[in-house]
Amino acid sequence: MIQNLIDGVLTGSYLSLGAIGLTLVMHILRFANFSHAELLSLGAYAALVFDALVTALVPVLAAKLGPLSLTYALLIAILISMVLTGISAVLIDRLVFKRVREKGWELSMVFASFGMALIIRNVIGLIFGLSPELYSKDIAFAMILSRDPLILVKPDQVFVLIAALALMFVLHLILSRTTFGYALRAVAENPSLAQVNGVNLARTVTAVWLIGGGLAAVAGVFYGLSHQVIPVMGRDLVLPIFAATIVGGIGSVYGAVLGGFIVGIAGNLALVVLPSGYTPSIPFMLILIVLMIRPHGLFGEARA
Amino acid sequence: MPIWAHRSMPDPLLQVTGVTAGYVPDLPILHGVSLTAERGQITLIIGPNGAGKSTLIKAIAGLIPVSAGRIALEQQDVTHIRPDQLAAHGIAYVPQNDNIFRSLTIRQNLDLALRRAGGDATARRDRLLAQFPALDEKQRDKAGTLSGGQRQFLAIAMALATAPRLILMDEPSAGLSPKATAEVLDHARRLTADGVSILLVEQNVSQAMKLADHCYILAEGRNQVDGPAAELMGDKVVGEIYLGGRRMGAA
Amino acid sequence: MIGTISYLVFFATTASILAIAVLGLNLQWGNTGLFNGGVVAFFGAGAYGTLILGGTPQDGHLGGYGLFYPLALLGGMIAAGLMAWVVGLLTLRLRHDYLAIATFGVAVAFENLMRNAEWLAGGAKGVRGFERPLRDALGDGFLYNIAFFFTVLIILIAVYLFLERLVASPFGRLLRAIREDEEAAASLGKTPSRIRLTAFITGSVILGLAGGLYGTFYAFVSPQDVLPTLTFQIWAMLIVGGAGNNRGAVFGAFLIWGAWTASGWALSRFAPIEAQLYTGSMQFVLIGVVIVGMLMWRPQGLLPERLVVSQRGSKE
């Protein structure tokens, strides 16, 4: 039970990171982006490639950070992957979503995002193969927190949680202390008023994709560290991430953080009562419950 | 007016010439509207519902595409200006409703408006807050908690943040009590004393007419009559047709 | 010769069943603007419902009620309708993203439930033991397939005519009005959420009908039949054919199903053995490209909606 709770918190940390970007995009561009989870795969694979590249170029960096299975090379690869995934998100917007948007077919954006999800997921499969990859082949030994009940935590998991919380805190500072953050929130609330107050909408949209893509990349790597890197990971993550945004309230960054943890914990706690085969259904159950008792989520507000 | 007299007059601040505009390209709401706004004056636009008053202001602010005609500020063409470039041209726009960000605090609203203002933003924010004591007290509260009148003052403060030459105001009295309306309009009048010009759309004709220098009457997207506000108010014919007849006289 | 004809009948039967599904989706998306991200769940509800209600008793899972076939089919349709009612009731009052996400979720949960709940529908093994109606009279061969094809064709024509009349009726105009300008429709005293719910349920019942026929055709249904693939295929059919146009929907169904089977055949025949594992991925990339490409370059589809020009209201 306590073990499930701990695992849930760890699952929640990467779900939250994924959900933050998704909720921002959904709020500002007003469409359910079904390809957001593919940005997590993109980030995870980019980190895989650059981890190998950095290790090959500078073998010293293959050293591990303390008790973690994470190497210095992977840390650098994560940073590169954040930037690349952010840029990819911007490019996908320019090439596809922006064009559909400008035609005025706003409802069609959700279709376009499904199409993009199919393309990205399967192109990754074609390039990297369908079998799973790991960042480190070494077996990571878990720390025993308690023997009765048995509670195990891997050092990597602790790192993932702390790093995720740190990133969220940085984002919180940006949103609550900088005029750039105010501008983002202003566009989310009222785009045309933000514009007459001097906010450049196109630039804000670019910034949102960069932030969303960057956080998605980290989330993807963290998922890979906790499980494995596999082309269909986006397919398995899309519903939990959407559930996190709905639980938290679409548009609320803090809601997405909380929603991510709730979805992660609920999924792991469900293992106590349900066979593990049912885990993929848990996010949908949460969505139904939230829609029944609090349709606009924990922090969301009604908006047409 | 003889041509030599015309030339000796100073250029108007804002000159709108034959503007045709609408939300959808084939369905113009404005049909060749012209207007001038002089420096340091309040220029009022009135007219029945659907006359195109708000559309005109939005067209000047660059929020609605202009399909024909020209808009010039101090002889500089601003016809197809992008709304986020307004401040750079010395224009500020105060929309009718939803003119503040409810989810930001009062201070954050102002800091956002001051973002591009340069210089010492904190000092400028303090100066703005000094003008509006009610806002100063609540500067760390969410703007959504303000009363209607206070929201208008915050919107005006945000407009002033960019030190504009011209403020476009779309029905600042909408939804306000008569007392709050009087406060907001009085404040607008005081601003002109500092050299700011105001282009004002108002439904509250009687109060606005007393305040304005010059007045334009629009109907069905076209210019109808214009002239000094005081003259139009006294004009029986204009009063009968456009200002609501006897009700106007009673006010 | 008979082999070719036999294959053509098989192909045309599947395509016609899918065309019925595309028509159902067209009522939701094309005519009403409702995004259904979980087409396969409603299709699957129809298939599972029909087979469970109309099948012979099985050990270990629900079903075997041996219901008179038309009633079993109706039961499948009702199952799809009920699912649509729950999802629609919860989401249609909210902004459109919610429906997209909830329908996507219902499809994930449906497949997940069917795969795991052995007591309910046989789990991964699927529902067996369904006897196709009139099998005693027509046998299992070519004759049966021809007869079944014509039955499906008649149902397709009936659904088509029903939808054409529905779209031309005052209700159909209301649907388009809501799609174009919800506020205006609301100001006319109509409740858009109720009307959208009606359209969503009707479309889902048609999807359930298609699913029921599909289950009948194969006399078997398993979780493999309710994978998201089918949702993407049915969408591609609608988008390529032309959303809003029932003729386009049917045309798109035959075209895309033809292209899908042909590309699958070509890939399995000509692609090198090492690449065989990846034919699925290639087909998915193709379908993704078709969807995105159509949206970008020909969003109205090959057969566009014959638009009754609606003048957008002018606002000040």
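Each chain gets a letter, A, B and so on, in the order its sequence line appears, and its residues count up from 1.
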Practice task
Give, for atom CD of A/Glu189 and atom OG of B/Ser103, the distance between the pair rounded to the nearest 0.5 Å.
Solution key: 4.0 Å
Problem - Flag if over 12 foreign heavy atoms under 6.0 Å of NZ, B/Lys138 - result: yes
Handout entry: Closest-packed option against chain A by number of heavy-atom pairs under 4.5 Å, given B/Leu114, B/Val94, B/Asp98
Key = B/Asp98
Exercise for the section: Please flag which part of B/Leu86 lies under 4.5 Å from any non-hydrogen atom of chain A: side chain, backbone, both or neither. Expected result: side chain
Practice task
Could you grab the distance from atom OH of A/Tyr182 to atom CG of B/Leu110, nearest 0.5 Å is fine?
Solution key: 10.5 Å
Practice task
Under 4.5 Å heavy-atom distance to chain A, tell me which part of B/Leu63 shows up: side chain, backbone, both or neither.
Solution key: side chain
Problem - A/Asn190 and B/Arg102, any side-chain heavy atoms less than 4.5 Å apart - result: no
Exercise for the section: Rounded to the nearest 0.5 Å, what's the gap from CG on B/Asn109 to CG on A/Asn197? Could you check? Expected result: 8.0 Å
Exercise for the section: List the atom of A/Ser176, the atom of B/Gln108, and the distance in Å for their closest heavy-atom pair. Expected result: O-NE2, 3.4 Å
Problem - Atom CZ of A/Arg203 with >12 non-hydrogen neighbours under 6.0 angstrom - result: no
Exercise for the section: Taking the side chain as every heavy atom from C-beta outward, state whether A/Val199 and B/Leu112 have any atom pair closer than 4.5 Å. Expected result: yes
Practice task
Would you mind checking which part of B/Ile91 comes under 4.5 Å of any heavy atom in chain A, side chain (CB onward), backbone (N, CA, C, O), both or neither?
Solution key: neither
Handout entry: Matching residue for B/Pro83 among A/Asn200, A/Val196, A/Leu193 - test: side chain to side chain contact (heavy atoms under 4.5 Å, CB included)
Key = A/Val196
